[in-house]
Amino acid sequence: MKIGVVGRGPWGNALATLATAAGGQVRQGGRDSDLTALSAEADLLFVATPSPVLRDVLSALRPGPRHRVILATRGLDPQRGGWLSDVVVEHTAAVRVGVVAGPALPADLQAGLPCALVVASAFDEVCRAVQEALLSQRLRIYQTNDLHGIQLAGAMVPVLAAAVGLADGAGLGAAARGLVVARGLAEARRLARGLGADPSTLQGLAGLGDLASALSRDDHPDILLGRALARGELAPDAETCRTAAAAIAQAERLGVELPLTAAVHGVATGQVGVSAAVQDLMTRAPRRTED
Amino acid sequence: MADRPSILRPPRPDDVAAALVARHRARVERLDDRALVELLEDTIYHEHHRFEEYGGSDAEQRLVDQATRAVLDGHRHVMEASGEAIVRAYGLEVYRPFSHTAFKLATRILPGALTRLVTATDPPRLLTGDFDPSRRLKVQGAVDHVRALAQHGTILLVPTHLSNLDSPLLGFALHMAGLPPFTYGAGLNLFDNPIMDFWLSRLGAYTVDRRKRNRLYKDSLKDYSVDVLRRRCHQIFFPGGTRSRSGLVEKSLKKGLLGTGLTAWQEGLRDGADRPDVFVVPCTISMHLVLEAESLVDDAMARNGRSRFIIDDDEFSRPRDVVSFTRQVLNLDESVFVTLCEPMDVIGNPVDRQGRSLDPGGNPVDRRDYVRDAHGNVRSDPQRDRIFTQRLSERMVQAYHRDNVVLSTHAAAFATWQVFAGRHPNRDPYRLVRVDPQRRMVPLDEVLAELERVVAHVKRLSDAGRVRHGLANTAETVLAQAMRHFDSFHTRRALAPVDRFLQLDPRLIYYYRNRLVGYGLGEHR
């Protein structure tokens with residue numbers, strides 16, 4: 001299989017390594033590469049670049065009818081708050097789009113440690129192509145048609161990891177971690193339901209699995225971001241903060257409440273202090289656990 | 001425009017039936033015994049229902065009895081033979097051979113016939129010969145584009161649907177636009193009349209019996225559509241499935257028939273056919289008034305909340321209403337707008353005049369790669385095709401909204417409904433249309449102010465290419481035109497001035513107002 005990988009960061013490198021190990025003919029490029037040539041030689045394209053540059057990358061890459069485009073990019077569309085997969089379909093002639101997400105960490109993948117990913121696409125053939133391209137004895141790849149659910153999980157996990165980091169940094173204790181994880185996933189499920197995704201996807205590899213993996217690392221970038229926020233630093237331009245803003249905008253449109261996401265965003269943008277944010281969260285009206 | 005050899009040499013009915021049976025057989029081969037039994041049981045169940053409700057011929061009843069016996073027998077070859085006999089009968093019923101001679105005759109006499117019909121109340125105009133039907137019906141949009149594409153492949157024209165008059169108006173519009181004959185589905189009941197049968201059959205119509213709800217029949221219709229496209233006959237069908245009951249521009253389309261374009265194209269590619277391409281042309285039909293508006297909206301707002309799938313007792317079934325509508329409404333300049341939207345391939349990408357698919361940047365792409373594997377072979381994938389057809393359907397809906405023509409009746413009705421609904425904030429449309437007659441008054445000043453906002457908004461959208469309109473400049477003129485149109489035909493008065501108020505018929509106003517839903521006008525419900 002002819003595979004193109006766009007992105008020279010940890011994810012791009014890990015995907016290129018895995019695809020090569022699985023026997024694919026792999027060509028990797030960065031944003032400064034000749035991406036048109038890269039796409040001309042590939043059938044399966046992995047895009048592992050930050051979401052703010054996705055449109056520029058697609059303009060240069062120009063995937064077409066024969067391509068399967070797989071996003072390893074996390075988050076929501078920073079311009080319009082929608083799905084990144086929609087950006088691909090609206091800006092290119094490619095229709096067969098997929099997303100990979102899950103608890104696998106680039107370093108672990110590179111080191112050959114046992115990992116798992118989930119690939120989502122409305123097209124089973126796209127899922128199968130990714131499995132064929134990456135599958136190895138060290139990597140399990142699950143598939144789902146819930147393209148939106150997986151993207152939402154990929155967007156919300158960093159926000160919730162930052163919320164945990166914030167709770168850690170504010171010295172709220174171990175119980176607060178459990179509270180943030182459980183209620184954070186609950187609000188992510190509410191948003192999933194509103195957006196027409198499958199809420200149970202948030203309980204799977206790309207949601208709970210990925211969050212558990214993130215929380216096990218003290219050096220996870222979003223845990224560190226949360227702790228920095230607890231110290232009073234602001235990070236309005238951090239990708240996680242922008243994703244939180246996009247999620248909040250979607251939630252407001254749908255009439256869905258995202259209190260933890262709003263707290264992270266509020267603290268990161270300086271709209272609310274840490275203590276006030278915690279107090280707001282703890283004094284919300286009582287509700288049922290399934291709400 | 002060169003005529004298409006295929007339509008000049010219509011196949012024999014037996015050949016068409018045999019082609020449908022062959023497609024059916026290929027499908028059945030993939031079914032296990034249980035699924036085959038379910039297929040026949042579905043047919044038996046729905047056909048018995050139809051017989052009870054509408055009756056059926058002896059031959060039809062015999063075929064269904066035979067299917068019942070086949071299911072009881074349980075042998076696969078007996079069940080297969082029974083299914084094939086039913087499909088063969090459907091094929092013979094659906095197909096009508098096109099006659100080029102009749103088509104030429106009809107297109108020559110139709111304008112004259114229309115002239116006589118609409119000017120019968122105005123003999124001096126008939127004598128002076130100043131009636132020009134082409135002024136009544138404005139054909140606009142991608143006319144040249146579609147004409148060019150007809151040379152490169154087969155056109156699948158998919159219009160919005162408001163009235164039973166859409167088909168003849170559309171046929172006339174396509175003839176005016178210099179397009180070749182199209183084949184189209186027409187209700188089986190229309191063929192009961194021998195004269196209609198003679199003309200419809202020879203003008204490219206095939207029969208559609210919407211009372212038949214079973215899978216075998218629906219599959220046969222889809223197979224027939226594929227067969228027609230494979231024979232390179234341009235085709236029309238209404239993808240909304242039925243007339244819009246509430247006046248809304250279509251938002252959800254029937255994917256089954258729509259997918260036949262993709263199937264026909266792939267089959268043509270696989271067989272190496274000459275010019276296998278199918279081009280999809282969405283089309284909007286916009287009229288100031290709709291003949292059946294009163295019946296349709298009454299049905300949409302019925303208390304039981306369930307619309308009838310088939311309405312056969314509306315204004316269209318009353319010749320006097322049709323003649324009156326033709327004289328009073330169609331006998332006005334630009335009373336009907338037929339807009340051909342930008343053509344698409346069967347996946348929903350725009351196509352240029354050479355028939356090449358374009359990416360969002362306007363660059364040509366090879367659409368065959370959507371369905372070919374790495375070795376260049378066309379590969380079957382029903383799931384993929386469903387998603388492609390869904391994409392096509394979404395692009396068509398966008399095109400309908402973009403090329404919908406907003407007319408005075410729509411804008412005036414929208415503004416009036418806004419004011420009316422605003423005065424009854426806790427009522428949904430079902431309750432609003434049942435407001436006491438004496439409370440159906442709205443202040444004229446408020447309607448004019450709202451109409452001014454609506455007109456300005458529509459014009460802004462139109463400038464941005466997001467809708468079309470035929471609106472005058474001022475709210476007063478738009479309202480006056482709308483009231484003149486409303487008063488010209490409907491038995492119920494849609495808008496009546498009473499001092500500085502307007503009395504409205506909520507159902508008619510709701511119906512015409514719905515044409516403007518979905519354009520960000522901040523509508524009440």
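Everything numeric here is computed off the predicted structure, so don't read it as measured data. Lettering of chains follows the sequences in order, A, B, ..., and the numbering in each one begins at 1.
Around the CD atom of Q137(A), the shell of radius 6.0 Å holds no more than 12 heavy atoms that belong to other residues, nucleotides or ligands. Heavy-atom contacts from other residues, nucleotides or ligands closer than 6.0 Å to CZ of R466(B) number 12 or fewer. Remark: R27(B) CZ is packed, more than 12 non-hydrogen atoms of other residues, nucleotides or ligands lying under 6.0 Å away. Shown here is R140(A), whose CZ atom has no more than 12 heavy atoms of other residues, nucleotides or ligands within 6.0 Å. Around the NZ atom of K2(A), the shell of radius 6.0 Å holds no more than 12 heavy atoms that belong to other residues, nucleotides or ligands. For K251(B), the NZ atom is loosely surrounded, since the number of other residues' heavy atoms within 6.0 Å does not exceed 12.
Proximity to chain A is absent for every atom of D373(B), based on heavy atoms less than 4.5 angstrom apart. For a residue to count as touching a neighbouring chain, one of its non-hydrogen atoms must lie under 4.5 Å from one of that chain's; by this rule R384(B) touches chain A with backbone and side chain alike. Using a 4.5 Å cut-off between heavy atoms, V126(A) makes no contact with chain B at all. Contact of I347(B) with chain A is made through the side chain alone, with heavy-atom distances under 4.5 Å.
Across every non-hydrogen atom of Q383(B) and N145(A), the tightest pair is NE2-ND2, 3.9 Å. Here the closest non-hydrogen pair linking D359(B) and A93(A) is CB-CB, 3.6 Å. Here the shortest heavy-atom pairing between A122(A) and I387(B) reads O-CD1, 3.2 Å.
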Stepwise side chain to side chain contact (heavy atoms under 4.5 Å, CB included) check, D369(B) with H67(A):
CA-CA 8 Å; D369(B) 286 337; H67(A) 290 112; over 6 Å; no
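Within the 4.5 Å cutoff, the side chain of R368(B) has no heavy atoms near those of the R66(A) side chain.
No donor-acceptor pair closer than 3.5 Å links the side chain of R62(A) to the backbone N or O of N363(B).
Applying the side chain to side chain donor-acceptor pair (under 3.5 Å) rule to pairs touching residues 27-37 of chain A yields N13(A)-Q28(A), R27(A)-E41(A), sequence neighbours excluded.
Listed by chain and residue number, A101(A), V118(A), I150(A), A153(A) satisfy the side-chain contact (heavy atoms from CB on, under 4.5 Å) test with A206(A) (two or more places apart in sequence, or in another chain).
For the side-chain contact (heavy atoms from CB on, under 4.5 Å) with P65(A), the lone residue among D345(B), V365(B), D366(B), V371(B) that qualifies is V365(B).
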